[in-house]
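We're numbering straight along the sequence, starting at 1. Order of listing sets the numbers, starting from 1, for every ligand and every atom in it.
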Amino acid sequence: MTASPISNPSNSAPYIEIDAVSKSYDGGRSVAVSNVSLDVQQGSLVALVGGSGSGKTTLLKTINRLVDPDVGEVRIDGVPVSEAEPPMLRRSIGYVFQGIGLFPHMRVADNIAVTLKLRGWQASEIEARVAEMLDMVDLPQDYASRFPHMLSGGQRQRVGVARAIAARPRIVLMDEPLGALDPVTRDSLGSSYRELHDRFGMTTLMVTHDIQEAALMADRIVVMKNGRVLADDTPHTLMMGSGSDDPDVTALMEVPRRQAERIAALATQNGPARA
Ligand code: ADP
Ligand code: MG
């Protein structure tokens, strides 16, 4: 997987603006997101990483109003999302969230076509797009008529990704979309996704636990901890050890670097270099 350079024209206004957003649960006892500001340029792919409970999912959900912030504002193209009707907003943004699964009573084809139908596409257009999406996520065409319970977990995840981007939304939000996939599928779906992202000019925010995946796929990595942003920079800068003095960020970025060194050593020496 190779990330392309950030494709935003310089000095352009950010496409998604998260402006001093805070959100807590349980009447303020549980702080999920604490005064986070983040600008996302159109066409970029931003990876959100951080330990569990660091606020990644909550932050992502403020963009399509699955969560409304207590304080602060999210804007898309300069317009506050609080002014949009949540169903319309969600229809215009592709999303894959844990716990928001496929419709169990609908066949794979109908799951993928949900947004297309809401947008009034013709049956023949829908059929063609569903076939294209199945190819893209590497599922056989005859899976179109299967129900979700007839798929493995990884296959269901792929259908989820296909459904999210079938209508080629401008913005895609993904929460661990490649989580339960085997490494080969994960790598190939990651690469195909990045290609589509670039080809259709999508803007993507993707939560991942895998720092290597973040480094290889994203234009920018945002590291979160305790509801705050610890670091926000390009994979290159973070991998070179600049961009943050925070020991957690340093430790996190050392993982792929050390792994890469050990793999390189394996290829050139008789045995693995022990880190
Ligand atoms: P992450 O996705 O990084 O694991 P989350 O955004 O899911 O983090 O959660 C951040 C914090 O907010 C955690 O402490 C979590 O327990 C809490 N939290 C998240 N959703 C809810 C909820 N619906 N009700 C109560 N607490 C929540
Ligand atoms: Mg989460």
**Request:** Examine the side chains of D175 and T57 and answer whether a donor and an acceptor come within less than 3.5 Å of each other.
**Result:** yes
**Message:** Less than 3.5 Å apart, any donor N or O on the side chain of R228 or S34 sitting next to an acceptor on the other?
**Reply:** yes
In the protein, what heavy atom is nearest to [atom], and what distance, to one decimal place, separates them?
| atom | result |
| --- | --- |
| atom 10 (C) of ligand 1 | G53 O, 3.5 Å |
| atom 19 (C) of ligand 1 | Y25 CE1, 3.3 Å |
| atom 2 (O) of ligand 1 | T57 OG1, 2.7 Å |
| atom 5 (P) of ligand 1 | T58 OG1, 3.7 Å |
| atom 3 (O) of ligand 1 | K56 NZ, 2.8 Å |
| atom 8 (O) of ligand 1 | G55 N, 3.1 Å |
| atom 17 (C) of ligand 1 | S30 OG, 3.6 Å |

Should [X] be counted as touching ligand 1, given the test is an N or O pair under 3.5 Å?
| X | value |
| --- | --- |
| S52 | no |
| A32 | no |
| S54 | yes |
| V31 | no |

**Message:** Grouping I, L, V, M, F, W and Y whenever their side-chain heavy atoms are under 4.5 Å apart, do M224 and L230 come out in a common cluster?
**Reply:** no
**Prompt:** Does Q155 reach the side chain of V108, with side-chain heavy atoms less than 4.5 Å apart?
**Reply:** no
**Prompt:** Under a 4.5 Å cut-off applied to non-hydrogen side-chain atoms, are L189 and D138 in contact?
**Reply:** no
**Message:** Within 45 degrees of the ring normal and closer than 6.0 Å to the centroid, is that where the cationic atom of R158 sits relative to Y143?
**Reply:** no
**Prompt:** Is there a donor-acceptor pair closer than 3.5 Å between any side-chain N or O of D26 and the backbone N or O of R29?
**Reply:** no
**Request:** Please confirm whether the backbone N or O of M206 pairs with a side-chain atom of K56, one donor and one acceptor, at under 3.5 Å?
**Result:** no
**Message:** Tell me whether the Mg ion (ligand 2) has S52 as a neighbour, meaning an N, O or S atom of it below 2.8 Å.
**Reply:** no
**Asked** Just to confirm, does any protein heavy atom lie below 4.0 Å from atom 15 (C) of ligand 1?
**Response** no
**Message:** Closer than 4.0 Å to some heavy atom of G51 - which atoms of ligand 1 meet that?
**Reply:** 3 (O)
**Item:** Residues R129 and E132 bridged, charged N to O under 4.0 Å
**Value:** yes
